[in-house]
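So the structure is just underneath, and the comments pick up after that.
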Amino acid sequence: MRARKAATGAVLAAVILFVLLSIPAPDPPLPAGAAGKPFTWKQDEKWKALESSFLEAREIGCKGLQPRTAQGFKQLRQDLAVLSAAPVKPDARVLDRLETLTFALGTTVAACPEGIPRYIELVTKTRSVMKRQSQRWDLDDRTVRDRLYRMLYGGRAALEEVMLQAPAGSYPGLIRAEDADSVTPAFAFQGLTLRSGDILVSRGGAPTSALIARGNDYPGNFSHVALLHVDEKTGVPGIVESHIEVGVVVSSVQDYIRDKKLRVMVLRPRPDLPQVKADPMLPHRAAKRAHDEARSRHIPYDFAMDFRDPSKWFCSEVASWAYGQHGVELWKGTTRMSAPGVVRWLSYFGVTHFETQAPADLEYDPQLAVVAEWRDPETLWQDHVDNAVVEAMLEGADEGDSIPAPWWKLAAVRLAKGYSVVLNWFGGVGPVPEGMDATAALRNLELSDLHEKVKAGVLSRAADFRRSQGYRPPYWELVRMANEVRKEEMRR
């Protein structure tokens, strides 16, 4: 009898505990986003025309296209020579012509991949020239910022569409860009000489990585920032970075690479930057400052994305704090998040500052030279699919879609959070990151689940498209497919 009562009491206590742990927390108050509005191309007809031009080029064949392609390369070189010779204003007509030509030439190169090396060279040079031109521009001016974004992101988009249509082996995985001289300690990695103080921007494979890359007024391709430190005595490299799970750490190169990366770009302060001219070792001293700070104290991850709070760091703050200590203010144009769906979704995960320093926008900082970028054809494809899925999901967020936190799953996640807190007290890492509450952790799981379902549907449709059309669907088709699958999933 006593055993039965004890068992009944235990069951009742478990039920009560489950009920208590399943009480949903109220949603955070909807914050106001940053002032502004998201950039939009508004050129759907242009994208369709480019696809038609690509199909026409395939019909003509490479021999018939040769005169057109040669003329396109010639004109592109001439425009770049003009831009390299003298400063121009952001509304210069040569920039309109260069943008149009870059996209148009991409359609013929995609049809005839033997032109890819020259196309890569010229698009890469365009980025370098435009970044130098923008040193004289007011990046706080919205029309100026739009121009720089169109030229840099547009060139990247055109180039990567060409890459995704190319047969294997058509281009190298490592594409070198600018030779930015540096005297800081060096480290050789995969055929490239990296320097202490180099900034590594990358893209992770998680759905939240795609959300970070795409979820701002100027959607980009990068979700993570890290800072390379090379010990001046031993030559041993260490990568200072901030992870959601553990906060700020100094990782080995092997650990950095092991963590899934869909792309990596190397940025370096320009040698003619006044602060670097005055002190050529400044980048190394900045990296050492971040390295020593990470070793001296526990720095939690900053979910609020408040780059003015030095007690916690999100990934961008590793670079901005370190260089800021030496008089270099990175992110000449801060990131703004104004779309209501983006603001609402990011607030679920603890973001409270919607004018901040996002990884993707660091590419546009004119103080930094792009040294090189690693791309792999298959991971590039995964990157584009992930982008399209998140873009469609954010369209749904603007239409009112939410990220659910099912009450019947809360109890288990809250128990996991309690276990994580105990581990954190003793310096360990639990299943729920420090600083993230249980509801946010559950929403992260639900976001990942929805992302995987939509992605599976997109990959299936993309495979059908490739079988029927003979080429991979371009990005705008992937977004269309992702929206179709998303709406089907939301109706279930």
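One finds the CD atom of Glu59 at 11.0 Å from the CZ atom of Phe54 (value rounded to the nearest 0.5 Å).
Of the possible donor and acceptor atoms, none in the side chain of Thr108 sits under 3.5 Å from a partner among the backbone N and O of Thr69. Side-chain atoms of Asp79 do not come within 3.5 Å of backbone N or O of Val94 as any donor-acceptor pair. For Thr356 (side chain) and Met305 (main-chain N/O), a donor-acceptor pair under 3.5 Å exists by modelled atom type. The closest donor-acceptor contact from the side chain of Gln135 to the backbone of Gln367 lies at 3.5 Å or more, if one exists at all. A distance-only check finds a donor-acceptor pair linking the side chain of Asp198 to the backbone of Arg195 [under 3.5 Å].
The shortest non-hydrogen separation linking Ala360 to Gly220 is CB-CA, 3.7 Å. Taking every heavy atom of both residues into account, Leu478 and Ala462 meet most closely at CD2-CB, 4.2 Å. Nearest approach of Ala440 to Met436, heavy atoms of both residues: CB-CG, 3.7 Å. Closest of all the heavy-atom pairs between Ile116 and Val162 is CG1-CG1, 3.8 Å. Across all their heavy atoms, Pro31 and Val343 have their closest contact at O-CG1, 3.4 Å. The two residues Ala177 and Arg127 have their closest heavy-atom pair at CB-NH2, 3.8 Å.
A cation-pi geometry, defined here as NZ or CZ lying under 6.0 Å from the six-membered ring centre and within 45° of its normal, does not hold between Lys312 and Phe303. Cation-pi geometry between Arg263 and Trp374 is not met at under 6.0 angstrom from the ring centre and within 45 degrees of the axis.
The six-membered or imidazole ring of Trp331 lies away from that of Tyr323, with a centre-to-centre distance of 6.0 Å or more. Taking the six-membered ring for Trp and the full ring otherwise, the centers of Phe465 and Tyr471 sit less than 6.0 Å from each other.
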Any chance you could lay out the salt bridge (Lys or Arg N to Asp or Glu O under 4.0 Å) test for Arg258 and Asp255, step after step, and finish with the verdict?
-> CA-CA 5 Å; Arg258 191 178 299 120; Asp255 287 340; 2.3 Å; yes
Test log, rule side-chain hydrogen bond (donor to acceptor under 3.5 Å, both in side chains), inputs His243 and Glu241 = CA-CA 7 Å; His243 288 294; Glu241 54 184 339; 3.3 Å; yes
Worked check of salt bridge (Lys or Arg N to Asp or Glu O under 4.0 Å) between Glu399 and Lys487 | CA-CA 11 Å; Glu399 294 168 5; Lys487 291 174 183 177; 5.4 Å; no
Would Asp398 and Leu394 satisfy side-chain contact (heavy atoms from CB on, under 4.5 Å), going step by step from the backbone distance to the final call?
-> CA-CA 6 Å; Asp398 282 340; Leu394 289 176; 5.8 Å; no
Stepwise side-chain contact (heavy atoms from CB on, under 4.5 Å) check, Val109 with Glu161 = CA-CA 10 Å; Val109 176; Glu161 287 295 338; over 6 Å; no
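A salt bridge links Arg480 with Glu484: the closest approach of a Lys/Arg side-chain nitrogen to an acidic carboxylate oxygen falls below 4.0 angstrom. A salt bridge is absent between Lys332 and Asp138; no separation between the charged side-chain nitrogens and carboxylate oxygens falls under 4.0 Å. Between Asp146 and Arg150, none of the side-chain N atoms (NZ, or NE/NH1/NH2) sits under 4.0 Å from a carboxylate O, so this pair counts as no salt bridge. Remark: Asp383 engages Arg203 in a salt bridge, criterion side-chain N to carboxylate O under 4.0 Å. Between Arg486 and Glu391 there is no salt bridge, since no side-chain nitrogen of the basic residue lies less than 4.0 Å from a carboxylate oxygen of the acidic one.
Judged by distance alone, the side chains of Glu363 and Tyr149 never bring a donor and an acceptor atom under 3.5 Å apart.
Heavy-atom neighbours of Gln66 CD from other residues, nucleotides or ligands within 6.0 Å: at or below the threshold of 12.
For the pairing with Glu178, the salt bridge (charged side-chain N to carboxylate O under 4.0 Å, His left out) check across Lys125, Arg270, Lys131 returns one residue only, Arg270.
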